[in-house]
Every structure is written in structure tokens, then in C-alpha cells.
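Start at 1 and go down the list; that is how both ligands and their atoms are numbered.
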Amino acid sequence: MIFFDRVSKIYPDDSVALDNVTISIEPKEFVSIVGPSGAGKTTLLKLFLAEDKPTEGSILYDNVDIHSLDKKSINEFRRRVGMVFQDFRLLPDKTVYENIAFTMEASGRSDDEIEADVPYVLELVDLTAKIWNFPHELSGGEKQRVAIARALVNEPDVIIADEPTGNLDPMNTYDIVQILKKINDLGTTVILTTHNKGIIDSLRKRVIAMDKGRVVRDDRSGKYDA
Ligand code: ADP
């Protein structure tokens, strides 16, 4: 379980990025975080990944305060979280296979595991046919599917997809959202940030709306607007 307990973040220039935020997210939930630019979404994700510390309050993961962990434990914790970004962040000089294998190598996985698991995750995102292609040979939607496969391959508890469809057309956006739903149905917690009202309204999952560092709405009706 993820628990933000009365978290505030004030940057050194006195910008209030988060103002007394309390949120809990259960395992296997699918939560969308929405809000205008400057609402505090990025700060929320950064604090969750222990890339920065809160000014006030604490962030617990399975009842452990992640900001009290030592460096080694923080790295172990981060391996339980898969990240997907708007700009894909694939390695351009590596094939689809190598992009995913690289992440597994960095986590100390064996060659046998890599050979078995890379095709498995590519099948999950329906991209088996592109296994030997390079990123520049893929469409935006296909690149994002590789990025999702890479985020999944170490079997994280949580996937954070930060504006994953920001660079995609409506067809590809639809496909990516379906894949995120499928991953969630298979038991992974999904946290999605998006500006796309259509996605939120079609998902019908929990929506946390933020504005000026505060949670202004948290409901399960699945609507972008109240
Ligand atoms: P969002 O992701 O919703 O656009 P952010 O978390 O990036 O929102 O920003 C929230 C607020 O905090 C904004 O007012 C922004 O200017 C400010 N902010 C974000 N990062 C920094 C930083 N490193 N230093 C100072 N202010 C920051």
C-alpha cells in the first residue's frame, strides 16, 4: 500500500508544490492523477520514488517510510516500481530485445531469464514481430509498448505511467490505455498521470484531481470533471 501522510513540499524558492496531501493507494488499484500544469503531479511522483524529500509529512510503502531507507534499500524499493514516460526513453542504438535485456542485466538477472522473459513481455504488449527492430524503425505507439514491456520485465508491484500518451495519436492512445488496463487486470498497481479527458472518462477508474498542490477531488466515479 502507498500512503502519503499529510505531505507538503516547499521548494527553496518558497514554491508550494504540495500542500498537506493525504492519499492512500491500495495494491492492484488503477489510479489516474489529473490536474493542470503546476498542480504538483510531478513532485508527487518524485517524492514517491525518493528522488526528493518532503518538507512535511511522510510517504509509506507497505508501512515503511521510504525516506528513512538507506541507499541500498531505496534502490531495492525502486526496482518494485516500473516507470513509463511520455518521451519513451529507449536506447536508440539498441534493438527492442536489447533495450529490455539491458534493464534485466542491470538488475542482475541471468542470461536464461533474459532469453525467456524478453519474448514473454513482448507478447504481453503484442510486439513480438518487432523484437529485432531499432527504436527509429517503430511508430510512437510501438515505442511506448516497448517502454511498457521494459517497465514490466522485472515484475514490479507498481507501474507509474507519466503522461504515456502525450506524444501519441488517438488510435495509439487507445491501445496504450488498453495495455495498461490489461497489466492492471493481471495484478499490477497502475498510477497514470494524464491531461487526456477522453482516457479518464473511458477508464471509469479512480481519479485524483490536483490543483495548486492540493488534492481537490478523489473519487471512484471515473470522470475527469466533477
Ligand atoms: P505538475 O507536474 O502538476 O505540472 P510540478 O510538481 O512540476 O507540477 O510543480 C508544482 C509546483 O512546484 C509548480 O509551481 C512548480 O513551479 C514548482 N516546482 C516544481 N519543481 C520545482 C523546483 N525544482 N524548484 C522550485 N519550484 C518547483
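Those atoms of ligand 1 with a heavy atom of A39 less than 4.0 angstrom away are 1 (P), 3 (O), 8 (O). Ligand-side atoms of ligand 1 in range of T43: 5 (P), 6 (O), range being under 4.0 angstrom from any heavy atom. For ligand 1, the atoms sitting less than 4.0 Å from at least one non-hydrogen atom of S37 are 4 (O), numbered in the order shown with element in parentheses. Atoms of ligand 1 lying under 4.0 Å from any heavy atom of T42, numbered from 1 in the order shown and given with element: 1 (P), 2 (O), 6 (O), 7 (O). Atom numbering of ligand 1 starts at 1 in the shown order; those under 4.0 Å from a heavy atom of K41 are 1 (P), 2 (O), 3 (O), 4 (O), 6 (O), 8 (O).
For K28, the NZ atom is loosely surrounded, since the number of other residues' heavy atoms within 6.0 Å does not exceed 12.
In this structure, atom 15 (C) of ligand 1 has its sub-4.0 angstrom surroundings free of protein heavy atoms. For atom 12 (O) of ligand 1, the nearest protein heavy atom lies closer than 4.0 Å.
The proximity of D13 to ligand 1, defined as any non-hydrogen pair under 4.0 Å, is limited to the side chain. Residue contacts with ligand 1, taken as heavy atom pairs separated by less than 4.0 Å, involve P36 solely via the backbone atoms N, CA, C and O. With a heavy-atom cut-off of 4.0 Å, S15 touches ligand 1 through its side chain alone.
Nearest protein heavy-atom contact of atom 24 (N) of ligand 1 is Y11 CG, 3.5 Å.
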